[in-house]
Enquirer: 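Got a structure for you, questions after.
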Amino acid sequence: MNIDQIVRLLGQKYGIPQWRPHADPLSELIQAILSQNTSDVNSSRAFQSLMATFSTWEMVAKASVDDIAEAIKSGGLNRIKAERIKSILEGILESRSSLDLEFLTELSIPEAKAWLKGLHGVGPKTAGCVLLFALGRPVLPVDTHVYRVSRRLGLINSKASPERAHELLEEIVPPQAIYQFHINILAHGRSICRARRPLCHDCALGEGCPSNGHS
DNA sequence: TGCCAGGCCGGGT
DNA sequence: ACCCGGCATGGC
């Protein structure tokens, strides 16, 4: 089963998500950091609380780690995330002199990704979220669902590391299909395809799911 | 109750 | 190049 068939089957099962602009790149970055290894209920509460506590990102940059950690407490991992958010905002202010990441649109995808990953606490998944959701670039954020389900479907070698999965999947998935692939793989991974093992018997991507018949 | 959630870093092999 | 512990709250 090739990538085009999988994209089509996912589309039949979950619909074709319509592209819509998300947040500005800096807000997307903060949201992505808060979502790291955290349920979306907890992380979105933390983001709302952060916005409600501080009126601007400049205020967050000047706040103490303790105060930021308190504001995002409901998200979990709050101490380490508060340190990362503060140091990232301070770093952007120092290097760019304003808290604005729109300049990333002028960079190539590899350049923009490298710049983001240079920030402490920003890995491939977080950088990918900023590039795809805020800037509309054809980059695939490989989170646990994308990683696990892609291996289950046989799209990539089950032994590939998460880092390697990023490279492999970006070669496989057509740029124009990345957004819907990401959205629908998450839908599939959150509902049906939840088991951690690489293959299973109940992963039903319609009749053609290659995971059918495995145990 | 115990396990897990849209990662990433630092230290060890 | 991998592997692993740490980080921490809220939901089920």
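A note on names: the letters A, B, ... follow the listed sequences, proteins ahead of strands, and every chain is numbered from 1.
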Enquirer: Just checking A/G123: base, sugar-phosphate only, or nothing, at a heavy-atom cut-off of under 4.0 Å?
Expert: sugar-phosphate
Enquirer: Where the side chain of A/L77 is concerned, which of C/dG10, B/dG6, C/dC7 is the nearest nucleotide?
Expert: C/dC7
Enquirer: Tell me, yes or no, whether the heavy-atom count around A/Q176 atom CD, taken from other residues, nucleotides or ligands under 6.0 Å, exceeds 12.
Expert: yes
Enquirer: Looking at every non-hydrogen atom in both residues, tell me the closest pair between A/F133 and A/H22 and how far apart they are.
Expert: O-CB, 3.5 Å
Enquirer: When you get a sec, tell me which of C/dT9, B/dC9, B/dG6 is the closest nucleotide to the side chain of A/S74?
Expert: C/dT9
Enquirer: Which atom names give the shortest non-hydrogen contact between A/A46 and A/L34, and what distance separates them?
Expert: C-CD1, 4.1 Å
Enquirer: Given B/dG6, B/dG10, B/dA5, which nucleotide is nearest the side-chain atoms of A/N37?
Expert: B/dA5
Enquirer: Under 4.0 Å from OP1 or OP2 of B/dC8: is there any side-chain N or O of A/T126 that close?
Expert: yes
Enquirer: For C/dA8, which nucleotide in any strand shown is its Watson-Crick or wobble partner with both distances under 3.5 Å?
Expert: none
Enquirer: Considering only atom P, compute the distance from B/dG6 to C/dC4 and round it to an integer number of Å.
Expert: 23 Å
Enquirer: With a 4.0 Å cut-off on heavy atoms, is A/P124 in touch with a base, just the backbone sugar-phosphate, or nothing at all?
Expert: sugar-phosphate
Enquirer: Please confirm whether the shortest side-chain N or O distance from A/H120 to OP1 or OP2 of B/dG10 is below 4.0 Å.
Expert: yes
Enquirer: Any side-chain heavy atom of A/V146 within less than 4.5 Å of one from A/P141?
Expert: no
Enquirer: Mind checking if A/R84 touches a base, just sugar-phosphate, or nothing, with heavy atoms under 4.0 Å?
Expert: base
Enquirer: Describe the nucleic acid contact of A/Y147 in one word from base, sugar-phosphate, nothing, applying a heavy-atom distance below 4.0 Å.
Expert: nothing
Enquirer: Sort out the partner of B/dT1 for me: Watson-Crick or G-U wobble, both distances under 3.5 Å, none otherwise.
Expert: none
Enquirer: Within the structure shown, what part of the strands sits under 4.0 Å from A/I80 by heavy-atom distance: base, sugar-phosphate, or nothing?
Expert: sugar-phosphate
Enquirer: Does A/N78 reach a base, just sugar-phosphate, or nothing at all? Heavy atoms under 4.0 Å.
Expert: sugar-phosphate
Enquirer: Under a 4.5 Å cut-off applied to non-hydrogen side-chain atoms, are A/I72 and A/K81 in contact?
Expert: yes
Enquirer: Does a side-chain N or O from A/R79 land closer than 4.0 Å to OP1 or OP2 of B/dC9, or not?
Expert: no
Enquirer: So if I take every side-chain heavy atom of A/T144 and compare against C/dT9, B/dC8, B/dG6, which nucleotide ends up nearest?
Expert: B/dG6
